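To start, the structure itself, in structure tokens.
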Amino acid sequence: MSARAICLLVMPLAAVVVAGLATDPPAAGQEPYREPLRPRVHFTPPQNFMNDPNGLVFYKGEYHLFYQHNPFGREWGHMSWGHAVSTDMLHWKHLPIALGEEDGVMIFSGSVVVDWHNTSGLCAGEDGDRSCLVAVYTGHGHGKQTQNLAYSNDRGRTWTKYANNPVIDLNLENFRDPKAFWDELSRRWVLVTVLAEQHKVRLFGSPDLKRWETLSDFGPAGATGGVWECPDLFPLPVDGNGGDVDINPGAVAGGSGGQYFVGRFDGTRFVNDNPPDQTLWVDYGKDFYATISFSDVPKSDGRRIWMAWISNWLYANDEPTETWRGAQSLPRVLQLRRLPEGIRLVQAPVAEIDGLRTGPEMAITGRATLPPSADIRFEVGRGAGQEAGLRLSNAAGEEITIGVRASGPELFVDRRRSRATAAHEAYAGRHAGPVRWRDERVTVRLLFDRSVVEVFANDGETVITDRVYPSAPLDRIEWLGGKAPEPARASMWELRSVWETR
Ligand code: DQQ
């Protein structure tokens with residue numbers, strides 16, 4: 001069985017040129033990307049506040065990352081779309097702001113599609129073909145949220161807001177986060193949105209990204225303890241269709257988080273394969289929100305790849321980072337896997353990350369020096385003890401532990417002792433998710449990056465993503481306890497900074 005995805009689209013017409021607000025360079029005397037909490041491998045904005053990834057799309061050799069951004073401060077506000085491009089989803093080049101707040105309307109989350117055949121009539125044919133990029137975003141202002149279009153005829157360098165915006169206006173206060181895709185079965189654009197407070201995903205269809213008709217609603221289902229935000233719908237290989245929606249608050253680790261549904265999409269309606277009261281969590285950490293998958297990854301590649309904002313609305317405005325706030329996850333490849341309990345989402349970091357390894361593979365036997373960013377593998381055998389795994393620490397006595405607890409069994413990340421100085425009350429915590437013994441062991445991959453840990457157990461069957469804010473760098477790594485593994489079963493590579501190797 002294969003799956004299919006939904007697209008969202010809005011319709012433009014004439015235009016308002018969006019002036020590119022250049023991102024300011026870092027302040028004088030400040031070394032960019034060398035601040036103690038600044039990740040070396042994960043994307044962060046040059047300065048100021050960032051939340052959701054938006055408009056992920058591959059076009060003419062470049063991956064585009066847009067993101068919710070406040071150009072004027074380190075807290076949420078004045079939402080605009082920041083912008084960066086990359087050829088490998090790791091080494092990013094910052095570009096001017098793509099879409100800015102205007103006339104009291106902020107630019108909330110949304111998506112970008114390639115309009116390959118100029119169905120919208122917005123493509124100028126300037127690049128020797130008929131295609132252009134079309135963004136579908138939520139306009140937030142004047143007491144409501146509407147869906148709007150913007151387009152670019154120069155590979156995303158400049159954007160024009162469609163003159164006949166909005167393209168969908170339901171006169172609602174909480175109607176947002178359009179994700180668009182071209183549906184081959186129904187031969188039309190599909191748009192996935194949320195009616196946030198009603199816990200509903202609403203699907204629309206369009207021939208041209210401009211005229212939208214309602215197709216169907218999905219929900220309420222799964223977790224409904226907070227608003228639904230940032231939906232996505234796409235096909236996944238092997239077992240069926242997948243869709244996800246983010247919830248804030250009410251997620252598995254508290255505050256914001258993502259849940260997903262597995263089912264069938266027939267071009268009009270998504271039908272859940274599971275009972276409506278079943279909740280499937282995307283990630284068991286506290287910092288993985290607002291996922292969005294890339295549009296238009298070439299068929300020859302075939303991967304479904306998504307990224308998420310690594311934070312939580314409980315403390316996003318209080319992160320103790322330096323001149324910037326907010327990080328994006330590493331891109332992850334998604335698949336569905338048949339497990340004993342049913343068809344489940346599995347996630348793996350993109351293989352491009354392997355190219356960042358530098359130096360030899362280092363066995364972790366006793367206490368070792370932890371590089372600022374590292375790709376770490378270890379295995380925990382059944383019978384290794386009640387809790388086994390790794391401790392990352394510093395001379396100040398701050399530490400984070402990552403491992404497997406035999407009872408459950410469960411994968412855990414414990415950051416309760418990771419920051420000696422004051423932090424938001426919702427920050428300290430231990431986060432855990434169910435894991436299973438495979439051949440009497442659990443395999444773990446840990447991507448550590450100064451203030452980020454992404455942990456993948458059993459090839460991505462259980463995932464935990466957390467920020468960590470030590471007052472001094474975590475520079476030591478050692479086996480946590482229980483029976484130490486064979487040297488070859490706990491090892492690491494240093495990862496090169498993506499900012500130094502551009
Ligand atoms: N963030 C955006 C909204 C979205 C929320 C506003 C999710 O579009 O619902 O910054 O973090």
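In listed order, ligands and their atoms are each counted from 1. Being a predicted model, the structure only gives us computed values, none of them experimental.
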Would you please say whether a donor-acceptor pair under 3.5 Å links the side chains of Thr465 and Asp287? no
Between Ser206 and Arg211, do the side chains contain a donor N or O and an acceptor N or O under 3.5 Å apart? no
Could you tell me, atom by atom, which parts of ligand 1 come under 4.0 Å of a heavy atom of [X]?
{"X": "Tyr289", "value": "7 (C), 11 (O)"}
{"X": "Ser109", "value": "2 (C), 8 (O)"}
{"X": "Gln68", "value": "2 (C), 6 (C), 10 (O)"}
{"X": "Asp52", "value": "1 (N), 2 (C), 3 (C), 4 (C), 5 (C), 7 (C), 11 (O)"}
{"X": "Trp313", "value": "7 (C), 11 (O)"}
{"X": "Asp177", "value": "3 (C), 4 (C), 8 (O), 9 (O)"}
{"X": "Met79", "value": "10 (O)"}

Applying a 4.0 Å heavy-atom criterion (strictly less than), which segment of Asn51 is in contact with ligand 1: side chain, backbone, both, or neither? side chain
Does the pair Glu319/Arg74 count as a salt bridge with the N-to-O cut at 4.0 Å?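 Here Glu319 does not pair with Arg74 in a salt bridge, since their nearest N and O are not under 4.0 Å apart.
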Determine, using ring centers only, whether Tyr137 and Phe108 are less than 6.0 Å apart. no
Looking at residues at least two apart in the chain, or sitting in another chain, which of them share a side-chain contact (heavy atoms from CB on, under 4.5 Å) with Leu90?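 Testing Leu90 for side-chain contact (heavy atoms from CB on, under 4.5 Å), a comparison that skips the adjacent residues, returns Asp88, Leu330, Pro331, Glu352, Ile353, Leu356, Val498.
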Applying side-chain contact (heavy atoms from CB on, under 4.5 Å), can you list everything that pairs with Thr44, at least two apart in sequence or on another chain?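 Counting only residues at least two positions away or on another chain, Thr44 forms a side-chain contact (heavy atoms from CB on, under 4.5 Å) with Tyr33, Arg38, Pro39, Trp324, Ala327.
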Contact (N/O only, under 3.5 Å) between Trp309 and ligand 1: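 For ligand 1, there is no N or O atom that lies under 3.5 Å from one belonging to Trp309.
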Candidate list Arg332, Gln328, Met89, His42, test side-chain contact (heavy atoms from CB on, under 4.5 Å), partner Met307, passing option: Gln328
